[in-house]
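What follows is a set of notes on a single structure, which appears directly below.
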Amino acid sequence: MYRWAWYVINTRSVFYQSEQSEYLSTDEPDTLALAPFLDLLNHSPSANIKAGFNTGTNCYEISTSDTYKAYDQVFICYGCHSNEKLFLEYGFCVPGNCNDTVEVLYDDILKACNHFSIQHLSKKIALLQEHGLLKSLMCTNEGLSWNLLSVLKVLVMDWNQLQIWNQVYTNDVAFPDIIPAAKKLAHWILQQYLAENTQHMKHVEKIISNDDNPQHVTIARQLISIERDILMTSFQ
Ligand SMILES: C[S@@+](CC[C@H](N)C(=O)[O-])C[C@H]1O[C@@H](n2cnc3c(N)ncnc32)[C@H](O)[C@@H]1O
């Protein structure tokens with residue numbers, strides 16, 4: 001019952017900073033509001049909208065800069081949410097969601113470095129940490145993220161290249177063989193992730209029971225396939 005109530009509110013509310021209610025015994029700010037009609041709007045990751053409370057009109061207003069024909073469904077955007085988040089928070093997912101990513105873990109990058117006996121590893125890691133580059137390490141629908149590829153490029157540099165490492169952003173000529181080497185590292189990691197992905201799919205197929213909501217089962221399968229597609233794209 002609590003779970004049902006939580007999802008009813010969470011899937012239909014908007015962010016609205018109000019005064020602390022005397023009935024709430026928490027220090028957390030009270031930022032959820034329900035608004036009739038507003039909660040009828042569905043989500044699209046590409047919807048361009050502005051939303052907020054207008055103190056002049058005393059109304060919560062939403063405007064869209066997208067073009068619609070009469071009787072078309074008008075969408076809002078619930079946020080830059082991946083399908084995983086949409087599924088967990090709202091119970092649906094959207095095909096071709098540009099916010100889907102597969103995170104590449106730092107530990108897995110280290111494992112790949114050990115596998116390929118990468119030289120000067122501690123120096124390279126210190127350099128990457130110092131420049132705050134060990135973040136946004138992920139694959140997207142477009143392949144390896146720019147940050148991930150840059151990190152892998154630094155990791156495969158030889159000692160001479162490392163002295164001018166920051167030219168990696170501007171001067172491809174200085175590092176002719178670095179992209180294939182970085183991709184080799186990436187492929188090794190991706191191969192592990194694809195194997196895990198196949199295991200996930202097998203596990204889901206095994207634990208599905210007749211009592212499960214068929215829509216949710218379809219989405220669970222979809223999420224694993226989406227991850228697989230991103231990993232396959234990143235292989236190129
Ligand atoms: C704020 S309500 C939107 C209105 C809801 N469709 C209704 O009929 O009351 C949020 C819920 O709508 C559904 N929803 C929103 N956008 C969707 C989409 N693009 N595809 C499928 N379901 C969606 C999900 O069930 C979500 O939890």
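Residues take their numbers from the sequence shown, with the count starting at 1. Start at 1 and go down the list; that is how both ligands and their atoms are numbered.
- Around ligand 1 you find Thr11, Arg12, Asp39, Leu40, Leu41, Asn42, His43, Tyr78, Tyr90, Phe92, Val94, each with a heavy-atom distance below 4.0 Å.
- For the residue pair Thr218/Gln222, the side-chain donor-acceptor check at 3.5 Å is not satisfied.
- Side chain to side chain, Asn10 and Glu89 meet the donor-acceptor criterion of an N or O pair below 3.5 Å.
- Within the structure, salt bridge (Lys or Arg N to Asp or Glu O under 4.0 Å) pairs that include any residue of residues 219-236 comprise Glu205-Arg221 (at least two apart or interchain).
- Under the side-chain hydrogen bond (donor to acceptor under 3.5 Å, both in side chains) criterion, no residue pair touches residues 129-155, with sequence neighbours excluded.
- Ring geometry, Trp188 versus Phe116: the interplanar angle exceeds 60°, so the pair is classed perpendicular (tilted spans 30 to 60°).
- With sequence neighbours left out, the side-chain hydrogen bond (donor to acceptor under 3.5 Å, both in side chains) criterion links Tyr193 to Asp108.
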